[in-house]
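A short write-up of the structure that comes next.
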Amino acid sequence: MSFYPPSNHYTLMSAFSLAMICFTLPSFADEEASWLDAITLSGYTKLKISSPNHAPTSVNLDDLSLFVSGKFNRWFNPFLEVEAYNIPLWEEGHGAQFNSAQLIVERMYNDIEITENNTLRTGKFLAPTNHWNIIHAAPLVWTTNRPLTSSYSRANYITGASIRHDFDVLTGHALEVYVQPVEDFNHKPTTEHERHYLTVAGARWITHEDLDYYFAVSVQDAEVEHNVEHRDSVSIDGNWQHKWFELESEFVFTHVSTNQFHYHNQDWGGYVQMAVPLVEHFNLITRYEHFEFANQSAAANTALGGVVYRPVPSLSFKVEWQQTQGSVFNNQTGLYSSIAVLF
């Protein structure tokens, strides 16, 4: 069995150092309470079964993430997520696998509460481009496969700093601004992400976010690593939760400037997704997405239908059929299912 370590030699050392800091700095904690009370351990895992058309059926341990976080005071609130991903367990025609795995530091940052309404975050963290990217853990989303609109054309991770200002905590009205001045830290290979980014800057304005609905507008400016390519994106995303259904949607437009051959000057697309509760924790999920690529002549039109059994918020069983016409490079037609648990 071979495990492929991160390309950055300092990755595991940095992760280990942050974890040790969390457990060895009681001086940062409230003197009246044990510093161990400020430490939280959690994580999630996702087992995925894929049966795409014209390809063998496979079973993968798609994600195995461990979170270590600390809430000490306004200055020191570290968070670390280490993830093993894309671990093959079985493949049709080849039998049991478990012969490789990928390991990465998914997130590693510290939050400083500058004031009651302003928070500074530094390190590696998820880009606040949309709601899906922020809550991306498998047990918390409705489908096994992620819509292209939510991830394809922008940087999903930031190595740098962000500041969030909360205008109104009760309504969720807030503004987040972030910047990445250097290349990605410990990024996943391009087999997992379409491209790596050298510099990124962006912002997200959340007009409202509570249990009933949310709505936000995002912008991002990014320079692609190892290519003469610049990407400027704007998007809107929202969610409305009613007694009888949950409706979610996002639309994105990304202007692409490059010296490489492209069929179009932009990526653009959007999706609409609906979740309808049935009986005994069963939910019916439907989604339609249209997405056009700058570097492909054909667009992708994807219709998805499935059922999710979620007996508790931290556990979900998903089965879905995905039908894609046009470009099938990313979301192939087929049957997909997964089991995801948050612990």
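Below, each value reflects all heavy atoms present in this structure, side chains not excepted, and no hydrogens, waters or symmetry copies.
- Looking at Ser218 and Arg154, their side chains never bring a donor and an acceptor atom within 3.5 Å of each other.
- For Thr149 and Glu289, the side-chain atoms include at least one donor-acceptor pair closer than 3.5 Å.
- Dense packing is recorded around CD of Glu92, with more than 12 heavy atoms of other residues, nucleotides or ligands lying under 6.0 Å away.
- Panel note: side chain Asp184, backbone His187; no donor-acceptor pair is recorded below 3.5 Å.
- Panel note: side chain Asn239, backbone Tyr214; no donor-acceptor pair is recorded below 3.5 Å.
- Taking each heavy atom of Leu335 and Val319 in turn, the nearest pair found is CD1-CG1, 4.1 Å.
- Two residues are said to be in side-chain contact when any heavy atoms from C-beta on lie closer than 4.5 Å; Ile104 and Tyr85 meet this criterion.
- Between His290 and Tyr271 the shortest side-chain heavy-atom distance does not fall below 4.5 Å.
- Side-chain contact of Glu106 with Tyr157: a donor-acceptor pair under 3.5 Å is present, judged by distance alone.
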For residues 38-47, which side-chain donor-acceptor pairs fall under 3.5 Å, sequence neighbours excluded?
from  : atom 1 : to     : atom 2 : distance (Å)
Thr45 : OG1    : Asp63  : O      : 3.0
Lys46 : NZ     : Asp62  : OD2    : 3.3
Lys46 : NZ     : Thr144 : O      : 3.2

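- The ring-ring contact (aromatic ring centres under 6.0 Å, His included) search around Tyr336 returns none, not counting sequence neighbours.
- Scored by the ring-ring contact (aromatic ring centres under 6.0 Å, His included) test, His230 finds no partners at all (sequence neighbours excluded).
- No continuous path of hydrophobic side-chain contacts links Leu89 to Ile339 [ILVMFWY only; heavy atoms under 4.5 Å].
- Residues Phe79 and Asp111 form no side-chain contact, since every pair of their non-hydrogen atoms from C-beta on lies 4.5 Å or further apart.
- Closest of all the heavy-atom pairs between Thr57 and Ser51 is OG1-OG, 3.0 Å.
- In the hydrophobic clustering of this structure, Ile135 does not group with Val312; members are Ile, Leu, Val, Met, Phe, Trp, Tyr whose side-chain heavy atoms approach within less than 4.5 Å, directly or through other members.
- Across every non-hydrogen atom of Pro277 and Asn283, the tightest pair is CA-OD1, 3.5 Å.
- Under the 3.5 Å distance criterion, with hydrogens and angles disregarded, a donor-acceptor pair is assigned to the side chains of Trp205 and His173.
- Proximity of Tyr178 to Thr129: side-chain heavy atoms (C-beta onward) are separated by under 4.5 Å at one or more points.
- When atom types are taken as modelled, the side chain of Arg74 and the backbone of Ile114 share a donor-acceptor pair closer than 3.5 angstrom.
- Figure legend: cation-pi geometry between Arg107 and Phe125 absent, as NZ or CZ is not positioned both under 6.0 Å from the six-membered ring centre and within 45° of its axis.
- Side-chain contact between His262 and Glu229 is present, with at least one heavy-atom pair separated by less than 4.5 Å.
- Within 6.0 Å of NE2 in His281 there are more than 12 heavy atoms belonging to other residues, nucleotides or ligands.
- Taking every heavy atom of both residues into account, Trp90 and Ala96 meet most closely at CD1-N, 3.7 Å.
- Here the options are Glu248, Glu320, Glu246, the test is side chain to side chain donor-acceptor pair (under 3.5 Å), and the partner is Trp142; only Glu246 passes.
- Contact check for Leu80 versus Val82: side-chain heavy atoms found under the 4.5 Å cut-off.
- A donor-acceptor pair under 3.5 Å links the side-chain atoms of Asn133 to the main chain of Ala127, judged by distance alone.
- Side chain to side chain, Gln296 and Ser327 meet the donor-acceptor criterion of an N or O pair below 3.5 Å.
- Judged purely by atom type and a 3.5 angstrom limit, Ser338 has no side-chain atom pairing as donor or acceptor with the backbone of Lys318.
- Judged by distance alone, with hydrogens and angles left aside, the side-chain atoms of Gln180 form a donor-acceptor pair with the main-chain N or O of Val182 at under 3.5 Å.
- Under the 4.5 Å side-chain criterion, counting only non-hydrogen atoms from C-beta, Asn301 is in contact with Tyr288.
- In this structure a side-chain-to-backbone donor-acceptor pair under 3.5 Å is missing from Ser162 to Val177.
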Just list the side-chain donor-acceptor pairs under 3.5 Å for residues 302-311, sequence neighbours left out, or say none.
from   : atom 1 : to     : atom 2 : distance (Å)
Thr302 : OG1    : Thr324 : OG1    : 3.2
Arg310 : NH2    : Pro139 : O      : 3.2
Arg310 : NH2    : Val141 : O      : 3.2

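- Cluster annotation: Val256 and Phe253 are assigned to distinct hydrophobic clusters (Ile/Leu/Val/Met/Phe/Trp/Tyr, side-chain heavy-atom contacts under 4.5 Å, transitive).
- The shortest distance between side-chain heavy atoms of Gln220 and Val200 falls below 4.5 Å.
- A side-chain donor-acceptor contact under 3.5 Å links Glu81 and Ser65.
- Residues forming a ring-ring contact (aromatic ring centres under 6.0 Å, His included) with Phe291 (at least two apart in sequence, or on another chain): Tyr152, Phe293.
- For the pair Gln266 (side chain) and His264 (backbone), a donor-acceptor distance under 3.5 Å is absent.
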>> Test side-chain hydrogen bond (donor to acceptor under 3.5 Å, both in side chains) on His165 and Asn118; report intermediate values, then the result.
In response: CA-CA 5 Å; His165 175 72; Asn118 296 282; 2.8 Å; yes
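- Under the ring-ring contact (aromatic ring centres under 6.0 Å, His included) criterion, Tyr213 pairs with His208, not counting sequence neighbours.
- Checked against a 6.0 Å centroid threshold, the rings of Phe245 and Trp240 count as neighbours.
- The two residues Trp75 and Asn73 come nearest to each other via the heavy atoms N-OD1, 2.8 Å.
- Residues Arg204 and Asp237 are paired through a salt bridge, judged by an N-O separation under 4.0 Å between the basic side chain and the carboxylate.
- Geometrically, Arg231 does not engage Tyr197 in a cation-pi contact defined by less than 6.0 Å to the ring centre and at most 45° from the axis.
- Residues Asn156 and Ser151 approach most closely at ND2-O, 3.2 Å, considering heavy atoms.
- Looking at Thr199, its side chain never comes within 3.5 Å of a backbone N or O of Pro181 through a donor-acceptor pair.
- No continuous path of hydrophobic side-chain contacts links Trp132 to Leu148 [ILVMFWY only; heavy atoms under 4.5 Å].
- Here CG of Asp212 is found 5.0 Å from CG of Asp210. Values are rounded to the nearest 0.5 Å.
- Under the 3.5 Å distance criterion, with hydrogens and angles disregarded, no donor-acceptor pair is assigned to the side chains of Asn227 and Glu223.
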> When you look at Glu250 and Arg146, which way does the salt bridge (Lys or Arg N to Asp or Glu O under 4.0 Å) test go after all the steps?
Replying inline: CA-CA 12 Å; Glu250 181 182 1; Arg146 182 172 175 171; over 6 Å; no
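- Atom OG of Ser150 sits about 5.5 Å away from atom CG of Asn130, to the nearest 0.5 Å.
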